[in-house]
There are 2 protein chains.
Amino acid sequence: MTEEDRVRKQKALVEAMGRIYEKEGLQPISGRIMGLLTIMDKEFFTFDEIVEELQISKGSASNAIKMLELRNVIEYITVAGERKRYFHIKKIDKFTLIDEHKQKLKLTNEFLQSALELKSDKNSGNALFLKDMIDMIDFFIGKFQEFKEEYKSGREE
Amino acid sequence: MTEEDRVRKQKALVEAMGRIYEKEGLQPISGRIMGLLTIMDKEFFTFDEIVEELQISKGSASNAIKMLELRNVIEYITVAGERKRYFHIKKIDKFTLIDEHKQKLKLTNEFLQSALELKSDKNSGNALFLKDMIDMIDFFIGKFQEFKEEYKSGREE
DNA sequence: TTATTGGTTCAGTATAAACTGAACCGGAAT
DNA sequence: ATTCCGGTTCAGTTTATACTGAACCAATAA
């Protein structure tokens, strides 16, 4: 693979990351910025470089960057004597992604629980189905903490 | 809580389910139909009852129902001598939800892997971060099957 | 003091997707 | 033969939201 090829593929991944973000209900531009900062070889981008590389308006960049900062996934450094901000990804706790899945399962279960509580007949087919789901999901949620500790201790050895 | 209150709350949950589906990138109406079929006490709804209860057009109902059938989450029964279809939720394998999470993690990791492979310097800060994430997620994915079997055997006893 | 840099803000546009509603369709009943 | 039932199809409307671009601003440089 030529150098050029490699960079072209990296840029394709950046675009793909935009689509992934879009599916999650976030702005594609935010995803593309995250892509830039994680996928390209360069690890620090200024505001202007982001605007230039992604061919987006300054307004969009400003807006998306603000959002990413709020979500706590990017940050920036400054260099003495310069006003520019050099953005880079935050090397968050590895488990954040896993925790998000856990959180989603928790919300699902709270919802199912509410539904179950509102059933007039707790032994109807659907009520039993709900119970079954809730029980199983609870089990999995409980496994998350266990897993984390297992993983951590496995790496420390 | 009065009977009326209970039903009102059930209907609110049905609406909430629509919003959940929307967040997942699916049609809110599909979610509301799923809500009807899982949350309300009635467990079988005809096409017309769905249209009536949710106050939606026949077109929307037809479209959303088709989609839910394709996703394999609802089905219908018929009664001899009637043309109506009585829709109800499919009591799918409990683990479908969990499997979806697993699948999502797999896709995430494939993506991260592609990004890592395209790095010119596999020891750069971001490359190492990617490796770290991939390793952890892989470990976690591997645990899913284990968890499932543990759960199953736990219930059988 | 004026110009430049490095942005932010916001009104307006473009686009996509959900949803409606009306026309239509096949099969059964009258 | 035509009316009703239980839908499907599809063109057009509505709505949401991402994005643009131009005006603006504060800090620094000339």
Side-chain angles (χ1 to χ4, degrees), chain A residues 11 14-37 42 44-71 73-88, chain B residues 11 14-37 42 44-71 73-88:
Chain A
K11 288 186 182 178
V14 169
E15 288 304 311
M17 196 144 173
R19 296 193 297 274
I20 289 171
Y21 262 60
E22 197 171 12
K23 269 195 197 165
E24 304 285 327
L26 304 168
Q27 309 173 118
I29 285 189
S30 297
R32 298 214 290 277
I33 292 174
M34 284 302 289
L36 263 195
L37 301 185
K42 196 172 165 71
F44 293 85
F45 284 77
T46 65
F47 185 91
D48 279 335
E49 284 168 345
I50 290 170
V51 165
E52 172 59 24
E53 185 67 39
L54 297 179
Q55 298 281 32
I56 56 179
S57 69
K58 291 205 296 175
S60 294
S62 175
N63 177 38
I65 286 169
K66 195 198 304 171
M67 195 243 234
L68 291 171
E69 287 179 317
L70 276 172
R71 287 178 64 91
V73 289
I74 67 172
E75 58 189 354
Y76 60 86
I77 56 168
T78 49
V79 175
E82 275 187 28
R83 268 198 296 154
K84 280 182 223 176
R85 294 180 293 173
Y86 292 85
F87 295 97
H88 63 107
Chain B
K11 288 185 182 176
V14 169
E15 289 303 311
M17 196 143 172
R19 295 193 298 274
I20 290 172
Y21 262 59
E22 197 172 13
K23 270 195 195 164
E24 304 285 327
L26 304 168
Q27 310 174 113
I29 284 191
S30 297
R32 299 214 288 277
I33 293 175
M34 284 302 287
L36 263 194
L37 301 185
K42 197 171 163 71
F44 293 86
F45 284 77
T46 65
F47 185 90
D48 279 335
E49 284 168 345
I50 291 170
V51 165
E52 172 58 24
E53 185 68 38
L54 297 178
Q55 298 282 32
I56 56 179
S57 69
K58 292 204 296 175
S60 294
S62 175
N63 177 38
I65 286 170
K66 195 199 303 171
M67 195 242 233
L68 291 171
E69 286 179 317
L70 277 172
R71 288 178 63 91
V73 289
I74 66 170
E75 57 189 356
Y76 60 85
I77 56 169
T78 48
V79 175
E82 274 188 28
R83 268 199 294 152
K84 278 182 224 177
R85 294 180 293 172
Y86 291 84
F87 295 97
H88 63 107

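Chain A is the first sequence line, chain B the second, and so forth, proteins listed ahead of strands; every chain is numbered from 1.
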Given [N], is OP1 or OP2 found less than 4.0 Å from the side-chain N or O atoms of [X]?
| X | N | result |
| --- | --- | --- |
| A:Arg85 | C:dT8 | yes |
| A:Ser60 | D:dT20 | yes |
| A:Lys58 | D:dA22 | no |
| A:Ser57 | D:dT20 | yes |

Open item on the list: Nearest to the A:Pro28 side chain among C:dG6, C:dA18, D:dC19, which nucleotide is it?
Closed with: D:dC19
Task: Out of D:dC19, D:dT20, C:dG7, whichever nucleotide has its closest atom nearest the side chain of A:Gln27 - done: D:dC19
- [ ] Give, for atom CE of B:Met17 and atom CD of B:Glu22, the distance between the pair rounded to the nearest 0.5 Å.
- [x] 14.0 Å
Report the distance from atom [atom1] of [X] to atom [atom2] of [N], rounded to the nearest whole Å.
| X | N | atom1 | atom2 | answer |
| --- | --- | --- | --- | --- |
| B:Phe47 | D:dC5 | CZ | C1' | 12 Å |
| B:Leu70 | D:dT8 | CG | P | 12 Å |
| B:Ile50 | D:dT8 | CD1 | P | 11 Å |
| B:Leu54 | C:dC19 | CG | C1' | 13 Å |
| B:Glu22 | D:dA16 | CD | P | 9 Å |
| B:Leu26 | C:dA17 | CG | C1' | 13 Å |
| B:Asn63 | C:dA22 | CG | P | 18 Å |
| B:Met67 | D:dT8 | CE | P | 15 Å |

Open item on the list: Between A:Glu49 and A:Thr46 (side chain of the first, backbone of the second, donor and acceptor by atom type, cut-off under 3.5 Å), is there such a pair?
Closed with: yes
Open item on the list: Does A:Lys42 qualify as a cation-pi partner of A:Phe45, given the criterion of NZ or CZ under 6.0 Å from the six-membered ring centre and within 45 degrees of its axis?
Closed with: yes
- [ ] With B:Lys23 as the cation and B:Tyr21 as the aromatic partner, state whether NZ or CZ is under 6.0 Å from the six-membered ring centre and within 45° of the axis.
- [x] no
- [ ] Using the closest heavy atom to pick a nucleotide of DNA chain D for each, name whichever of A:Arg32 or A:Arg83 lands nearer the 5' end.
- [x] A:Arg32
TODO: Hey, can you tell me if B:Tyr76 and B:Phe87 have their rings parallel, tilted or perpendicular (30° and 60° cut-offs)?
DONE: perpendicular
Open item on the list: Whether the side chain of B:Lys84 and the base of D:dG6 hold a donor-acceptor pair under 3.5 Å is what I'd like checked.
Closed with: no
